[in-house]
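Below is one structure; the comments refer to it alone.
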Amino acid sequence: MSVLTCVLDNMGSSCSRSHSLSEAETTKNARSADIDRRILQETKAEQHIHKLLLLGAGESGKSTIFKQIKLLFQTGFDEAELRSYTSVIHANVYQTIKILYEGAKELSQVESDSSKYVISPDNQEIGEKLSDIDGRLDYPLLNKELVLDVKRLWQDPAIQETYLRGSILQLPDCAQYFMENLDRLAEAGYVPTKEDVLYARVRTNGVVQIQFSPVGENKRGGEVYRLYDVGGQRNERRKWIHLFEGVNAVIFCAAISEYDQMLFEDETKNRKMETKELFDWVLKQRCFEKTSFILFLNKFDIFEKKIQKVPLSVCEWFKDYQPIAPGKQEVEHAYEFVKKKFEELYFQSSKPDRVDRVFKIYRTTTLDQKLVKKTFKLIDESMRRSREGT
């Protein structure tokens with residue numbers, strides 16, 4: 001009897017162990033199935049995210065587009081992010097005033113009417129002091145005393161004359177905006193505004209990405225996009241290639257206002273000629289055979305003012321341009337001429353089997369939030385129609 005009891009007890013123990021093992025396996029299998037489902041859901045979600053690649057030469061305005069998307073289609077910048085731009089903005093001020101000071105000195109030596117570029121002796125001393133600051137690895141934050149120095153130098157007639165020659169001096173587009181807001185920038189506890197952040201100039205290094213939907217991800221019909229931005233300077237372009245696979249659309253940013261300017265990296269090369277060659281190279285990439293192309297003719301606001309003073313024909317690509325009567329009519333005439341040049345380049349650089357890919361051109365001013373929002377909604381609509389075959 002005791003033997004039988006022992007056998008039964010052992011059998012019960014064995015059954016109990018088998019039952020426990022079965023429960024563990026069931027739990028493990030359930031977890032595995034959950035993981036598989038999550039992976040499948042994530043894979044499907046990834047398949048519905050459309051990849052956009054933002055390309056263009058340096059100074060084309062790509063980084064401003066990226067910031068606008070964060071402001072328009074995401075949560076924007078929190079206070080910590082806004083504050084992180086303070087040092088960038090203050091550095092932009094020092095860089096700007098140094099460019100103008102050094103530019104005035106150079107122009108006073110080489111121009112026939114050199115006297116108008118001669119800075120007053122007192123302001124020369126200030127210029128040297130501020131140039132020394134720009135030569136440091138780190139910049140001091142602006143204060144009232146430094147702002148007084150910057151303002152005095154900025155208001156010098158020679159510096160104002162030099163500012164008018166900004167196109168030949170690599171002067172950043174943010175120059176006037178920050179010079180007009182100096183007192184505010186130096187206030188105690190200064191927190192940059194969204195507009196300050198949009199104007200702030202910092203070169204993109206490496207690769208940055210942002211995910212967004214132009215109509216909101218939760219709204220019916222809203223497509224989700226992942227935009228990749230890479231540095232536009234020559235030494236950054238080697239990083240582009242590994243991003244070229246699986247791209248749904250290339251957004252190429254071209255600053256149309258830079259037809260009279262030279263590259264930051266090579267002052268013998270016209271920026272617009274560099275843009276032309278770069279656009280041509282991107283168009284011919286084999287992996288973009290079926291990829292949509294979106295061209296932003298950017299910085300129209302600057303172009304609009306410049307075209308009244310500087311003829312398009314100063315650029316080799318536009319040497320056959322024939323101006324008409326000055327005024328708004330001339331602005332539109334010049335813009336359409338540039339647009340046509342890019343259209344011709346697109347069709348010349350596209351093989352016959354590639355010309356049916358989507359190609360859209362948009363006039364943009366990336367500092368104009370309403371215009372950027374409208375443009376991305378149009379892009380979304382165009383790409384959706386293309387995918388639906390309508």
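- By the neighbour-count criterion of 12 heavy atoms within 6.0 Å, atom CD of Gln209 is densely surrounded, having more than that number from other residues, nucleotides or ligands.
- From Ile69, atom CD1 reaches atom CG of Leu72 across 8.0 Å, with rounding to the nearest 0.5 Å.
- Here Glu332 pairs with Arg363 under the salt bridge (Lys or Arg N to Asp or Glu O under 4.0 Å) rule; sequence neighbours left out.
- Put simply, the side chain of Asn298 never gets that close to the backbone of Cys253: no donor and acceptor are under 3.5 Å apart.
- Of the N and O atoms on the side chains of Ser120 and Asp122, not one donor lies less than 3.5 Å from an acceptor on the other residue.
- No more than 12 heavy atoms of other residues, nucleotides or ligands sit less than 6.0 Å from atom CD of Glu245.
- Within a 6.0 Å radius of NZ in Lys360, other residues, nucleotides and ligands contribute 12 heavy atoms or fewer.
- More than 12 heavy atoms of other residues, nucleotides or ligands lie within 6.0 Å of CD in Glu336, so this atom counts as buried by the packing criterion.
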Begin with the C-alpha distance, continue with both residues' side-chain angles, and end with the deciding distance and a verdict on side-chain contact (heavy atoms from CB on, under 4.5 Å) for Phe66 and Leu227.
CA-CA 8 Å; Phe66 201 84; Leu227 179 73; 4.1 Å; yes
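- A salt bridge links Glu102 to Lys105: one of the charged nitrogens lies within less than 4.0 Å of a carboxylate oxygen.
- Taking the side chain as every heavy atom from C-beta outward, Val247 and Tyr228 never approach each other to under 4.5 Å.
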For this session: List the steps, then state whether side-chain contact (heavy atoms from CB on, under 4.5 Å) holds for Val88 with Arg201.
Result: CA-CA 7 Å; Val88 173; Arg201 180 70 192 99; over 6 Å; no
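- For the residue pair Tyr101/Asn123, the side-chain donor-acceptor check at 3.5 Å is not satisfied.
- In this structure the side chain of Lys67 reaches within 4.5 angstrom of the side chain of Tyr85, judged on heavy atoms.
- Distance alone, capped at 3.5 Å, is enough to place a donor-acceptor pair between the Glu330 side chain and the Ile324 backbone.
- To the nearest 0.5 Å, the span separating NZ on Lys276 from CG on Asn270 amounts to 11.0 Å.
- With contacts defined as side-chain heavy-atom distances shorter than 4.5 Å, the pair Gln68/Leu71 qualifies.
- Counting only distance, with no hydrogens or angles, the side chain of Tyr259 and the backbone of Val310 share a donor-acceptor pair below 3.5 Å.
- Between Thr86 and Ile89, the closest side-chain pair of non-hydrogen atoms is not below 4.5 Å.
- Using a 30° and 60° split on the angle between ring planes, Phe359 and Tyr346 fall in the parallel class, below 30°.
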Please report the C-alpha distance between Phe376 and Phe212 in whole Å, then the side-chain angles of each, then the deciding distance to 0.1 Å, and finally whether the ring-ring contact (aromatic ring centres under 6.0 Å, His included) criterion is met. CA-CA 11 Å; Phe376 272 94; Phe212 70 100; 5.8 Å; yes
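- For the pairing with Leu312, the side chain to side chain contact (heavy atoms under 4.5 Å, CB included) check across Asp320, Ile307, Ile256 returns one residue only, Ile307.
- Every residue was checked against the salt bridge (Lys or Arg N to Asp or Glu O under 4.0 Å) condition with Glu195, not counting sequence neighbours, and none meets it.
- For the pair Leu54 and Ile65, the minimum side-chain heavy-atom distance is below 4.5 Å.
- Remark: of the listed residues Trp317, Phe293, Phe252, Trp317 is the sole one forming a ring pair (Phe, Tyr, Trp, His ring centres under 6.0 Å) with Phe342.
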Table please: side-chain donor-acceptor pairs of residues 166-181 below 3.5 Å, with sequence neighbours left out.
{"unit_1": "Ser167", "atom_1": "OG", "unit_2": "Asp260", "atom_2": "OD2", "d": "3.3"}
{"unit_1": "Ser167", "atom_1": "OG", "unit_2": "Lys306", "atom_2": "NZ", "d": "3.2"}
{"unit_1": "Gln170", "atom_1": "OE1", "unit_2": "Arg271", "atom_2": "NH2", "d": "2.4"}
{"unit_1": "Gln170", "atom_1": "NE2", "unit_2": "Met262", "atom_2": "O", "d": "3.0"}
{"unit_1": "Gln170", "atom_1": "NE2", "unit_2": "Leu263", "atom_2": "O", "d": "2.9"}
{"unit_1": "Asp173", "atom_1": "OD2", "unit_2": "Lys299", "atom_2": "NZ", "d": "2.5"}
{"unit_1": "Gln176", "atom_1": "OE1", "unit_2": "Tyr163", "atom_2": "OH", "d": "2.8"}
{"unit_1": "Gln176", "atom_1": "NE2", "unit_2": "Glu180", "atom_2": "OE2", "d": "2.7"}
{"unit_1": "Tyr177", "atom_1": "OH", "unit_2": "Asp196", "atom_2": "OD1", "d": "2.6"}
{"unit_1": "Asn181", "atom_1": "OD1", "unit_2": "Arg184", "atom_2": "NH2", "d": "3.4"}
{"unit_1": "Asn181", "atom_1": "ND2", "unit_2": "Tyr177", "atom_2": "O", "d": "2.7"}

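- Panel note: side chain Ser213, backbone Glu223; a donor-acceptor pair is recorded below 3.5 Å.
- Here Tyr190 contributes atom OH and Leu142 contributes atom CG; the two are 9.0 Å apart, rounded to the nearest 0.5 Å.
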Inset, instruction - Please test Leu55 against Ile251 for side-chain contact (heavy atoms from CB on, under 4.5 Å), starting from the C-alpha separation and ending with a verdict. - result: CA-CA 6 Å; Leu55 301 179; Ile251 299 176; over 6 Å; no
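- Applying the salt bridge (Lys or Arg N to Asp or Glu O under 4.0 Å) test to residues at least two apart or on different chains, the pairs with a partner in residues 80-95 are Lys70-Glu81, Glu79-Arg83.
- Summarising the geometry of Val118 relative to Asp156, their closest heavy-atom pair is O-OD1, 4.5 Å, with the distance given to 0.1 Å.
- Contacts of Lys51 classified as salt bridge (Lys or Arg N to Asp or Glu O under 4.0 Å), with partners at least two apart in sequence or in another chain: none.
- The distance from atom OG of Ser108 to atom CD of Glu106, rounded to the nearest 0.5 Å, is 9.0 Å.
- Looking only at distances, no side-chain donor or acceptor of Glu59 sits under 3.5 Å from a matching main-chain atom of Glu258.
- Close placement of the Phe300 and Tyr335 rings is indicated, their centers lying within 6.0 Å of each other.
- Look at Lys284 and Asp280 and you find a salt bridge, because one of the NZ, NE, NH1 or NH2 atoms lies within 4.0 Å of a carboxylate O, short of that distance.
- Looking only at distances, a side-chain donor or acceptor of Ser349 sits under 3.5 Å from a matching main-chain atom of Leu345.
- Closest approach of Asp149 to Ile126, counting heavy atoms only: O-CG2, 3.5 Å.
- Residues passing the salt bridge (Lys or Arg N to Asp or Glu O under 4.0 Å) test with Glu344: none are found, sequence neighbours excluded.
- Salt-bridge formation is not detected for the pair Arg384/Glu381: no Lys NZ or Arg NE/NH1/NH2 atom is positioned less than 4.0 Å from an Asp or Glu carboxylate oxygen.
- Remark: the backbone N or O of Thr162 is not paired with any side-chain donor or acceptor of Lys116 at under 3.5 angstrom.
- Side-chain contact between Trp154 and Leu100 is present, with heavy atoms from C-beta onward closer than 4.5 Å.
- Side-chain N or O atoms of Lys339 include none that pairs as donor or acceptor with a backbone N or O of Tyr362 at under 3.5 Å.
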Verdict with reasoning, Phe296 to Thr375, per side-chain contact (heavy atoms from CB on, under 4.5 Å): CA-CA 9 Å; Phe296 284 177; Thr375 301; 3.7 Å; yes
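- Contact record, Val202 with Ser63: O-OG, 4.2 Å, taken as the closest heavy-atom pair.
- Note: Lys194 NZ to Gln369 CD = 7.0 Å, rounded to the nearest 0.5 Å.
- In this structure, Ile133 and Leu146 have side chains that are in contact, with non-hydrogen atoms separated by less than 4.5 Å.
- Remark: the backbone N or O of Leu52 is not paired with any side-chain donor or acceptor of Asn248 at under 3.5 angstrom.
- Note that NZ of Lys374 is 12.5 Å distant from CD1 of Ile379, once rounded to the nearest 0.5 Å.
- With hydrogens and angles ignored, the 3.5 Å screen pairs no side-chain donor or acceptor of His50 with any backbone N or O of Met383.
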